[in-house]
S.K.: 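Just passing along the structure, written as structure tokens.
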Amino acid sequence: MPTIARFEDIEAWQGARALVKAIYDATGQGPFTRDHGLRDQIRRAAVSIMSNIAEGFERGSDRELRQFLIIAKASAGEVRSLLYVARGLAYLDVPTYDRLTEQASRVSRQIAKFAKYLGGGAPPVKNGRDSTADSDLQTFRPSDQGHSDGK
């Protein structure tokens, strides 16, 4: 497997970037334009996903990258939670809600798999659901990440 030399090459970051675009598109129209609090919060949460992946990568160690991936995964959960709020307020139609929720869930699974490869197992799942299904497994190896902290 080739070494990942830039955070832009990380599939989870690429997925998070696409999610940010989709969130901005969905929140830039209709009733979202008048609810500045919810609009800004869901946008910040989406941007936080990709930003934490990038910042963790730039820290230069697998251990720190994994910690930032856990934070990014939490932000993906925040996006999904805020999507529930938006749907409950009828800011999103069902197809848009479903598409965005699936997109956020997919990014969360990518992050979890990447974190698992970096060591220490997958981030804990407290709701009893395994959000890290093997069918979504990506091949990441810590030694291929351009990081080394003894792991």
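What you see is a predicted model; the values in this text were computed from it and never measured.
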S.K.: Would you find a donor on one side and an acceptor on the other, under 3.5 Å apart, between the side chain of Thr27 and the backbone of Ile23?
M.R.: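 Yes; judged by distance alone, with no hydrogens or angles, the pair exists.
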S.K.: Quick one: pull up CG in Asp9 and CZ in Phe57 and give me the separation to the nearest 0.5 Å.
M.R.: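 These two atoms lie 7.5 Å from each other.
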S.K.: Counting N and O atoms only, with roles assigned by atom type, does the side chain of Ser108 sit under 3.5 Å from a partner on the main chain of Ala104, one being a donor and the other an acceptor?
M.R.: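 Side chain of Ser108 to backbone of Ala104: no pair is present.
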S.K.: Look only at the side chain of Arg66 and the backbone of Gly119, and say whether a donor-acceptor pair between them is shorter than 3.5 Å.
M.R.: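 Yes, the answer is positive, given that a donor and an acceptor are paired below the 3.5 Å cut-off.
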S.K.: Is it true that Lys21 and Asp25 make a salt bridge, defined as a side-chain N closer than 4.0 Å to a carboxylate O?
M.R.: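 Yes, charged N to carboxylate O under 4.0 Å.
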S.K.: Working to the nearest 0.5 angstrom, can you tell me the gap between Ser105 OG and Gln110 CD?
M.R.: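 Result: 11.0 Å between the selected atoms.
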S.K.: Can a side-chain donor-acceptor contact be found between Thr101 and Asp98 if the only test is distance below 3.5 angstrom?
M.R.: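 There is no such pair between these side chains.
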S.K.: Indicate yes or no: at least one non-hydrogen side-chain atom of Trp13 is less than 4.5 angstrom from one of Ile49.
M.R.: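 Side chain of Trp13 against side chain of Ile49, heavy atoms only: no contact under 4.5 Å found.
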S.K.: For a quick test of reading the model, state the closest non-hydrogen atom pair linking Arg17 to Met50 and the distance between them.
M.R.: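 What the structure gives for the nearest pair is CA-SD, 3.8 Å.
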S.K.: Just verifying a value: how many Å separate Ile111 CD1 and Ile70 CD1, rounded to the nearest 0.5 Å?
M.R.: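 Ile111 atom CD1 to Ile70 atom CD1 measures 11.0 Å (nearest 0.5 Å).
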S.K.: Evaluate side chain to side chain contact (heavy atoms under 4.5 Å, CB included) for Arg59 paired with Gln67, printing each intermediate quantity in order.
M.R.: CA-CA 11 Å; Arg59 293 284 180 128; Gln67 181 60 37; over 6 Å; no
S.K.: Is any side-chain heavy atom of Glu78 closer than 4.5 Å to one of Ser81?
M.R.: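 No; the side chains remain at least 4.5 Å from each other.
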S.K.: Please report the closest heavy-atom contact between Ala16 and Val107, naming both atoms and the distance.
M.R.: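 Scanning both residues, the minimum pair turns out to be N-CG2, 3.7 Å.
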S.K.: Counting N and O atoms only, with roles assigned by atom type, does the side chain of Arg87 sit under 3.5 Å from a partner on the main chain of Leu92, one being a donor and the other an acceptor?
M.R.: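 At least one qualifying donor-acceptor pair exists.
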S.K.: Can you list everything that forms a salt bridge (Lys or Arg N to Asp or Glu O under 4.0 Å) with Glu102? Sequence neighbours excluded, please.
M.R.: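 Glu102 satisfies salt bridge (Lys or Arg N to Asp or Glu O under 4.0 Å) with Arg106, Arg109 only.
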S.K.: Heavy atoms only: give me the nearest Val79-Ala46 pair and the separation to one decimal.
M.R.: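 That would be CG2-N, 3.5 Å.
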S.K.: How far apart are the closest heavy atoms of Phe32 and Ala86, and which atoms are they?
M.R.: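 For Phe32 and Ala86, the tightest heavy-atom pair comes out as CZ-CB, 3.4 Å.
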S.K.: To the nearest 0.5 Å, what is the distance between CD on Glu11 and CD1 on Ile53?
M.R.: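 With rounding to 0.5 Å, CD (Glu11) is 11.5 Å from CD1 (Ile53).
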S.K.: Looking at every non-hydrogen atom in both residues, tell me the closest pair between Ile42 and Arg39 and how far apart they are.
M.R.: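 Smallest heavy-atom distance, with atoms named: CG2-O, 3.3 Å.
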S.K.: Just wondering, do Leu69 and Lys73 contact through their side chains at under 4.5 Å, heavy atoms?
M.R.: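 Of all side-chain heavy-atom pairs linking Leu69 with Lys73, none is under 4.5 Å.
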S.K.: With no hydrogens and no angle check, is any side-chain donor or acceptor of Gln14 less than 3.5 Å from a backbone partner on Glu8?
M.R.: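 Yes; at least one donor-acceptor contact below 3.5 Å.
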S.K.: State whether the side chain of Ser51 and the backbone N or O of Val47 hold a donor-acceptor pair below 3.5 Å, judged by distance alone.
M.R.: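 Between the backbone of Val47 and the side chain of Ser51 there is a qualifying donor-acceptor contact (under 3.5 Å).
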S.K.: Looking only at heavy atoms, which two atoms of Gln103 and Ala22 are closest? And how far apart?
M.R.: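 So the minimum-distance heavy-atom pair works out to OE1-CB, 3.6 Å.
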S.K.: Measure the CZ-OG distance between Arg80 and Ser75 for me, rounded to the nearest 0.5 Å.
M.R.: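 Here the rounded value is 11.0 Å.
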S.K.: Shared ILVMFWY cluster between Phe7 and Ile71, side chains joined below 4.5 angstrom?
M.R.: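 Not linked; separate clusters.
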S.K.: Linking I/L/V/M/F/W/Y whenever any side-chain heavy atoms sit under 4.5 Å apart, do Phe114 and Phe68 land together?
M.R.: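 No: no chain of side-chain contacts under 4.5 Å links Phe114 to Phe68.
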